[in-house]
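Read the structure below first, then the notes.
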Amino acid sequence: MALGRLGEAVHASVAALLDAHPEPWPDDVEPERVALSTLLARLDQPVPQVVAVGLVSRGKSSLLNALAGRPVFAVGPTHGITAWPHTLRSDWGGRPVDWVDTPGFDDAANPEREAMTWAAVRAADLVLWLTAGPPTPREVALWAELRRAEKPVVIVLHKQDRFPDWRPADLRAALGIGEDAAVTLVCSQTLPEPGPPAGRATLRVSPSHLADLHTLLDSLLSQPLVLVHLLVCQRRVLRGLAAARIAACQGTAGRLRGGYLLLRGITLGLGTPVLLGLALSVLLDLGYGRFLGRLYQLPFTSHGGELVWRQLGVNLGLVGLGWGLGLPWTDPGMGWGISAHLVSLALNLGGGWLLSARMAVYLQKGATWAVDGPDYHLHHLADALPFHSLLGRFCRALQVAE
Ligand SMILES: Nc1nc2c(ncn2[C@@H]2O[C@H](COP(=O)(O)OP(=O)(O)OP(=O)(O)O)[C@@H](O)[C@H]2O)c(=O)[nH]1
Ligand SMILES: [Mg+2]
């Protein structure tokens, strides 16, 4: 699917979701709903938001000044110069981009700053995580937290003048980042070239110190970062709604399962002829799935259905096995005649119970895989993006990480 058409399809699907869902939204989904409507509005004229994060004094403000081409963000040698997030819009190869500067995560004297930085991360489409030299324990923990934020991340090995031997492979090893992880590492430094007259706010950074980052951003900022962000957010909303609906329907779902198992037991466990048993097994299993889907208001999708289909097949096998145990060649003298019915009953109830568990998991996981759903769109988007690009890898990794 072409990117333009994909964007339109995503827009329509998200708008329909926001319109269709009756108020009030579940409390835990409400923040994501607000984020989703903000992102939908941003999609009309997408300006990517790039946030720089890291511990204090890693050079976040210096780097953003260099990228924006203006000394706008305050810089200083002491910790905690940036007190709250600031945004600056500038031009990148003819396209607008919003650079967001943030306070350091580890400003112990001002713990509220960390929360502000996480809020900026949640709102951003791309994260530049600045590190300088070998990671501290806080940075190791931070990597795990950043991964959970579901953002495309560029790790910047900054201050290369001070740590010239500290290379991406070293940081990968220190943080345990595999080659297949959806993250890109680049080296940079923004130490101004010597010689600016004292007291004048100048910004003279050698372009070669930022060359790799420039090349990477040239490619990333021309890709649909806002669209991907919107899809990730829609995914969280749909999952939240599915979980809330499933929790609200627990009582009815339990009764539905009880009725299904009772019917399975009565119709299949009492010496039913084999062909009738096989037909009834399929009808009961599919009928149960259909009712459960309606109850949860979740679609039947192609995603993750294999386990359910396999269980359906296993259940047919169990009907055959139960019937076979009741045949005359089994030894009636050992009381196997009655036991055969009990075994057949147990087999059919067990198969039914397993199917009900698998059906619930399948429906919940499939909540985002409908034809106009976010996982379906992310799947197509990943195909449309260059295979090795950070964004393409990010889209694919989201679906593998399930
Ligand atoms: N050696 C070296 N110093 C740098 C580099 N980039 C920035 N600095 C210096 O590092 C110090 C901190 O830079 P900032 O840009 O203020 O760092 P920050 O991460 O925004 O700091 P906070 O806002 O306090 O969290 C300043 O003295 C910068 O001049 C670099 O590439 N190499
Ligand atoms: Mg700063």
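First listed ligand is number 1; within each ligand, the first listed atom is number 1. It should be emphasised that the depicted structure is a prediction, and the values quoted were computed from it without experimental measurement.
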| Plane angle bin for His214 and Trp92 - parallel if under 30°, tilted between 30 and 60°, otherwise perpendicular | parallel
| Which ligand 1 atoms does Pro77 reach within 4.0 Å, using its non-hydrogen atoms? | 27 (O)
| said: Ala74 versus ligand 1: do any nitrogen or oxygen atoms come within less than 3.5 Å of each other? | reply: no
| task | From atom 29 (O) of ligand 1, work out which of Leu130, Val53, Val75 has a heavy atom at the shortest distance. | result | Val75
| said: Going by the closest heavy atom to atom 32 (N) of ligand 1, which one wins out of Asp161, Val56, Thr78? | reply: Asp161
| task | Could you confirm whether Thr102 has any N/O/S atom lying under 2.8 Å from the Mg ion (ligand 2)? | result | no
| request: Compute the shortest N/O to N/O distance between Thr82 and ligand 1 and return yes if it is under 3.5 Å, no if not. | output: yes
| request: Give a yes or no on this: more than 12 heavy atoms of other residues, nucleotides or ligands lie within 6.0 Å of atom CG of Asp27. | output: no
| message | In this structure, does ligand 1 have an atom that sits under 4.0 Å from one of the heavy atoms of Gly76? | response | yes
| query | Between atom CG of Asp383 and atom CG of Leu378, what is the distance when rounded to the nearest 0.5 Å? | reply | 11.0 Å
| request: Anything under 30° is parallel, anything over 60° is perpendicular, the rest tilted; go ahead and classify Tyr288 against Tyr260. | output: parallel
| query | Who's closest to atom 8 (N) of ligand 1 heavy-atom-wise, of Gln160, Gln189, Lys159, Arg162? | reply | Lys159
| query | Is the shortest N/O to N/O distance between Ser57 and ligand 1 below 3.5 Å? | reply | yes
| task | Say whether Ser62, considering both its backbone and side-chain N or O atoms, lies within less than 3.5 Å of an N or O atom on ligand 1. | result | yes
| request: Mark yes or no for whether Tyr362, through its side chain, and Thr301, through its backbone, hold a donor-acceptor pair below 3.5 Å. | output: yes
| Ile81 to ligand 1: N or O pair under 3.5 Å? | yes
